[in-house]
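In what follows, a single structure is set out as structure tokens and then discussed.
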Amino acid sequence: MKISHKNRKIGYTYGSTSGKFMFRNKKIILFESLLEKSFLQVLEFNDMVLDVVEQPFTIETETTKGNKGSYTPDFLIYFKEPELKTNNPIKPIVAEVKPSKKLIENRIELKQKFKSAIKFCNEQEFRFKIFNENRIRSTEVDNIVFLNRYKDYRPDEDEIEIIKNHLLSVGHTTIEYLLTHLYVTYYQKGNALSHIWYLMYSKVLVTDLKIPLNNKTVIWLNIEEDNLGVELWHQ
């Protein structure tokens, strides 16, 4: 095995779906497709994810013709230690993110690479997982991707206190009821709605993310509940 140092070279061209993702405002991770971007957004949202490393290493492989080859996985994902010592720690995941179409088209070449990756991961006590659109895309993921738009939103602290205090007094309520009860004008309601989405992204407010987000969504304060987002690694 040889260590990879930022193998990705992203070229920005018209119509390109590649780019840079700011992970938790700490590091830039390059992505090469919208599928990878969605995957990174889900990982960022999940509190159990400690860190994500892009193209962490290169594994030596053999081609179908017996020649030397190499394989560099997309991401290496580290997880936090469980709070309960009785729980087993979550092993790091070596992740390959690729559309089903490409997995099928290049199945012969990829089969040998993935075989080498599995062997390497077993030796390192990692887990190797392949994520296609069927595993990444869901209502829950769509909601997380939507809320990700508000990660850099700059809220008004007074507005936040109004929303939090109202939910503290009424408990569970719909977004529609909250907006109707507290605000009058369309501007006020629109401004408050942006704050609600921001608070949901920040997990100050929570809901059932398996249901599409809209004004009928029931929300509540995240006081004691543990909202970790999509647990893709258990699939």
Side-chain angles (χ1 to χ4, degrees), residues 17-29 31 33-52 79-80 83 133-235:
T17 56
S18 60
K20 300 178 180 180
F21 183 80
M22 179 59 74
F23 188 78
R24 294 176 179 165
N25 293 320
K26 293 181 179 179
K27 60 189 292 187
I28 291 176
I29 301 177
F31 61 86
S33 68
L34 294 180
L35 192 62
E36 285 190 7
K37 182 179 180 181
S38 295
F39 186 67
L40 290 171
Q41 289 173 330
V42 171
L43 295 178
E44 179 184 57
F45 191 80
N46 196 295
D47 291 338
M48 285 302 294
V49 173
L50 180 64
D51 192 18
V52 180
F79 300 93
K80 295 179 180 178
E83 293 184 3
E133 68 278 7
N134 296 324
R135 297 191 68 184
I136 295 176
R137 290 172 180 161
S138 65
T139 298
E140 193 170 1
V141 173
D142 289 343
N143 287 336
I144 292 172
V145 170
F146 169 75
L147 293 175
N148 190 267
R149 303 176 189 176
Y150 294 86
K151 64 183 293 184
D152 297 321
Y153 184 75
R154 296 185 178 182
D156 180 271
E157 293 300 325
D158 292 335
E159 196 71 58
I160 287 179
E161 288 304 309
I162 291 173
I163 295 171
K164 288 172 62 177
N165 288 336
H166 178 73
L167 287 170
L168 191 62
S169 63
V170 302
H172 294 55
T173 188
T174 65
I175 294 176
E176 183 178 52
Y177 179 84
L178 186 150
L179 295 177
T180 302
H181 186 78
L182 293 180
Y183 305 97
V184 178
T185 68
Y186 285 112
Y187 172 80
Q188 290 174 331
K189 292 179 180 179
N191 181 56
L193 185 58
S194 294
H195 280 72
I196 290 171
W197 298 139
Y198 167 78
L199 290 171
M200 291 177 70
Y201 173 81
S202 304
K203 303 187 186 72
V204 175
L205 307 182
V206 291
T207 189
D208 183 355
L209 289 174
K210 294 182 176 63
I211 302 174
L213 294 176
N214 53 50
N215 279 6
K216 302 295 183 181
T217 296
V218 176
I219 57 176
W220 59 93
L221 280 171
N222 184 14
I223 299 175
E224 297 180 349
E225 301 194 31
D226 194 9
N227 182 41
L228 299 178
V230 178
E231 297 184 358
L232 291 173
W233 51 88
H234 292 314
Q235 297 180 6

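Residue indices begin at 1 and follow the sequence shown. Computed from a prediction, not measured in an experiment: that's the story for all the values here.
Although no hydrogens or angles enter the test, the distance criterion places no donor-acceptor pair under 3.5 Å between the side chain of Thr207 and the main chain of Ile219. Under the 3.5 Å distance criterion, the side-chain polar atoms of Lys210 are left unmatched by any main-chain donor or acceptor of Ser138. Remark: side-chain polar atoms of Asn222 are not paired, donor with acceptor, to backbone N or O of Val206 under 3.5 angstrom. Remark: the backbone N or O of Met22 is paired with a side-chain donor or acceptor of Lys151 at under 3.5 angstrom.
The aromatic rings of His195 and Tyr153 sit perpendicular, their planes meeting at an angle over 60°, well past the 30° parallel limit. Using the six-membered ring where Trp is involved, Trp220 and His172 have ring planes that are parallel, under 30° apart on the 30 and 60° scheme.
The closest side-chain heavy-atom distance from Ile163 to Leu205 is below 4.5 Å. Two residues are said to be in side-chain contact when any heavy atoms from C-beta on lie closer than 4.5 Å; Trp197 and Phe146 meet this criterion. Side chains of Arg154 and Tyr198 form no contact here, defined as non-hydrogen atoms less than 4.5 Å apart. In this structure the side chain of Ile223 reaches within 4.5 angstrom of the side chain of Leu168, judged on heavy atoms. Inter-residue side-chain proximity for Thr173 and Leu167 is flagged as met; some heavy-atom pair is nearer than 4.5 Å. Annotation: side chain of Tyr177 is in contact with side chain of His166 (closest heavy-atom distance under 4.5 Å).
Smallest separation of non-hydrogen atoms from Leu179 and Ala192: CD2-CB, 3.7 Å. Nearest heavy atoms, Asn143 versus Leu209: ND2-O, 2.6 Å. Residues Phe23 and Val49 approach most closely at CZ-CG1, 4.3 Å, considering heavy atoms. For the pair Val145 and Ser38, the tightest heavy-atom approach, listed with the atom from each and the gap, is CG2-OG, 4.1 Å.
The CD1 atom of Ile144 lies 10.5 Å from the CE atom of Met200; values are rounded to the nearest 0.5 Å. Note that NZ of Lys216 is 14.0 Å distant from CD1 of Ile211, once rounded to the nearest 0.5 Å. Ile160 CD1 to Ile196 CD1: the interatomic distance, rounded to the nearest 0.5 Å, is 11.5 Å. Rounded to the nearest 0.5 angstrom, Thr217 OG1 and Asn215 CG are separated by 7.5 Å. Interatomic distance, CG of Leu147 versus NZ of Lys203, reported as 9.5 Å (0.5 Å rounding). Rounding to the nearest 0.5 Å gives a distance of 8.5 Å between CZ of Arg24 and CG of Leu43.
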- Task: Determine, step by step, whether Asn148 and Glu44 satisfy the side chain to side chain contact (heavy atoms under 4.5 Å, CB included) criterion, reporting the C-alpha distance in whole Å, the side-chain angles of both residues, the deciding distance to 0.1 Å, and the verdict.
- Result: CA-CA 9 Å; Asn148 190 267; Glu44 179 184 57; 3.1 Å; yes
- Task: Assess whether side chain to side chain contact (heavy atoms under 4.5 Å, CB included) is satisfied between Tyr183 and Ile162, documenting all intermediate values.
- Result: CA-CA 11 Å; Tyr183 305 97; Ile162 291 173; 3.9 Å; yes
- Task: Please report the C-alpha distance between Asp156 and Asn191 in whole Å, then the side-chain angles of each, then the deciding distance to 0.1 Å, and finally whether the side chain to side chain contact (heavy atoms under 4.5 Å, CB included) criterion is met.
- Result: CA-CA 10 Å; Asp156 180 271; Asn191 181 56; 5.8 Å; no
- Any chance you could lay out the side chain to side chain contact (heavy atoms under 4.5 Å, CB included) test for Arg137 and Leu35, step after step, and finish with the verdict? CA-CA 8 Å; Arg137 290 172 180 161; Leu35 192 62; 3.8 Å; yes
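A salt bridge between Asp51 and Lys27 is present, with a side-chain N of the basic residue lying under 4.0 Å from a carboxylate O of the acidic one.
Considering only residues two or more places apart in sequence or on other chains, Lys164 meets the salt bridge (charged side-chain N to carboxylate O under 4.0 Å, His left out) condition with Glu161.
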